[in-house]
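Residue numbers start at 1 and run along the sequence shown.
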Amino acid sequence: MVEIKTDGELEAMREAGRVVARALAAVREAAHIGVSLRELDEVARGVLDEAGAASPFLGYRPSFAPTPFPGVICASVNDAVVHGIPDGHRLRDGDLVSIDCGARVDGWTGDAAITFAVGTPRPADLALVDATQRALDAGIAAALAGNRMGDVSHAIGAVADAARCGMPDGFGGHGIGRAMHEDPHVPNRGRPGRGYPLRHGLVIAIEPMLMAGGGDNYRTDADGWTLRTTDGSRAAHIEHTVAITDDGPRILTLP
């Protein structure tokens, strides 16, 4: 069931989005060579605690997961695409890091992700991050009242295909509101003019996940969570929570 939000509810979601933005900024600032992923998780926990926000990630256990998720961020490094567990791995020069974070404030949720290089970036990684950002920007630009979900999906996929990047089969964005994952699903590839109609008050998380190797296959680690590229190529993941409005798309997870 798709829940359409009132303007007041969009404002409430904006507050959750601001907390997510602050948490991601703090994690990025703390992500130096030698810092562990667990320490980055602690940074994000501090931001959420200061804001009086809860984490929709911590303890989350969907049907595919063997254990509840143990962190407030997903921390995916290099060939990890999404859902990386924030463990004791210490960042190295040139690591490509994707951080996904959510926050729940007064019953409403925000969700966003960033990807960045630690230390000296590889030119190929910068190109991958740029392509992922352009895919997200294209998806947001297509998130217009009167369009359909396929317009958003097609816009994302066209950028990924032009950059010769793959995207993991079956994964994409989602509706969001009172819960982190709501209907409708937001595929990262699709046909324009098809799919769920977009209208004022619909809120979706748009999240392209690009894999530099060009294939769409992935594998899952023994932890049951971390998705990795099958060819060892690097991956990037960038996400925003976006409201469809009659005045155009409104990004709720900006600072």
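The same ILVMFWY cluster, assembled from side-chain heavy atoms under 4.5 Å apart, contains both Val43 and Ile33. Under the 4.5 Å side-chain heavy-atom criterion for grouping Ile, Leu, Val, Met, Phe, Trp and Tyr, Val27 is connected to Val20 within one hydrophobic cluster. A single hydrophobic cluster is not seen to contain both Leu10 and Leu254; linkage of ILVMFWY side chains at heavy-atom distances under 4.5 Å, directly or through other members, places them apart.
A salt bridge does not link Glu11 to Lys5: none of the charged nitrogens lies less than 4.0 Å from a carboxylate oxygen.
Residues satisfying the ring pair (Phe, Tyr, Trp, His ring centres under 6.0 Å) test with His181, not counting sequence neighbours, are Tyr60, His174. Taking Asp106 as the reference, nothing meets the side chain to side chain contact (heavy atoms under 4.5 Å, CB included) condition, with sequence neighbours excluded.
Annotation: Arg90, atom CZ; neighbour count of heavy atoms from other residues, nucleotides and ligands within 6.0 Å is above 12.
Here the closest heavy-atom approach between residue Gly71 and residue Ser55 is recorded as O-OG, 4.3 Å. Contact record, Ala103 with Ala16: O-CB, 3.8 Å, taken as the closest heavy-atom pair.
Side chain of Asp95 to main chain of Asn78: no donor-acceptor pair is present (N/O by atom type, distance under 3.5 Å, no hydrogens or angles). In terms of modelled atom types and a separation under 3.5 Å, the side chain of Thr220 and the main chain of Leu227 share no donor-acceptor contact. Between the side chain of Ser233 and the backbone N or O of Gly213 there is at least one donor-acceptor pair closer than 3.5 Å. Within the 3.5 Å criterion, the main-chain N or O of Thr67 finds a donor-acceptor partner in the side chain of Trp225. Distance alone, capped at 3.5 Å, places no donor-acceptor pair between the Asp216 side chain and the Pro168 backbone. Listed for the Asp41 side chain is a donor-acceptor partner under 3.5 Å among the backbone atoms of Val72.
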Given side chain to side chain donor-acceptor pair (under 3.5 Å), test Asp247 with Thr245 step by step and report yes or no. CA-CA 5 Å; Asp247 296 322; Thr245 80; 4.9 Å; no
Worked check of side-chain contact (heavy atoms from CB on, under 4.5 Å) between Arg219 and Asp79: CA-CA 10 Å; Arg219 63 180 178 85; Asp79 64 331; 4.2 Å; yes
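Just one of Ile251, Ile238, Thr241, Ile140 meets the side chain to side chain contact (heavy atoms under 4.5 Å, CB included) condition when paired with Ile206; it is Ile140.
In this structure, the side chains of Leu40 and Ile73 come closer than 4.5 Å at one or more pairs of heavy atoms. The side-chain heavy atoms of Met149 and Pro184, taken from C-beta on, include a pair separated by under 4.5 Å. When side chains are defined from C-beta on, Pro56 does not count as touching Phe69, because their heavy atoms never get closer than 4.5 Å.
For the residue pair His200 / Asp7, a side-chain donor-acceptor distance below 3.5 Å is found, with atom types taken as modelled.
Distance CE/Met13 to CZ/Arg104: 10.5 Å, rounded to 0.5 Å. Atoms CG and CG, on Leu128 and Leu96 in that order, are 6.5 Å from each other to the nearest 0.5 Å. Rounding to the nearest 0.5 Å places CZ of Phe171 at 10.5 Å from NE2 of His237. One distance of note links CG of Asp221 with CD1 of Ile85; it measures 8.5 Å at 0.5 Å rounding. One finds the CE atom of Met211 at 7.0 Å from the CG atom of Asn217 (value rounded to the nearest 0.5 Å). For the atom pair Asn147 CG and His154 NE2, the distance stands at 11.5 Å (nearest 0.5 Å).
Within the structure, every pair that satisfies the salt bridge (Lys or Arg N to Asp or Glu O under 4.0 Å) test and touches residues 147-170, not counting sequence neighbours, is listed here: Asp161-Arg189.
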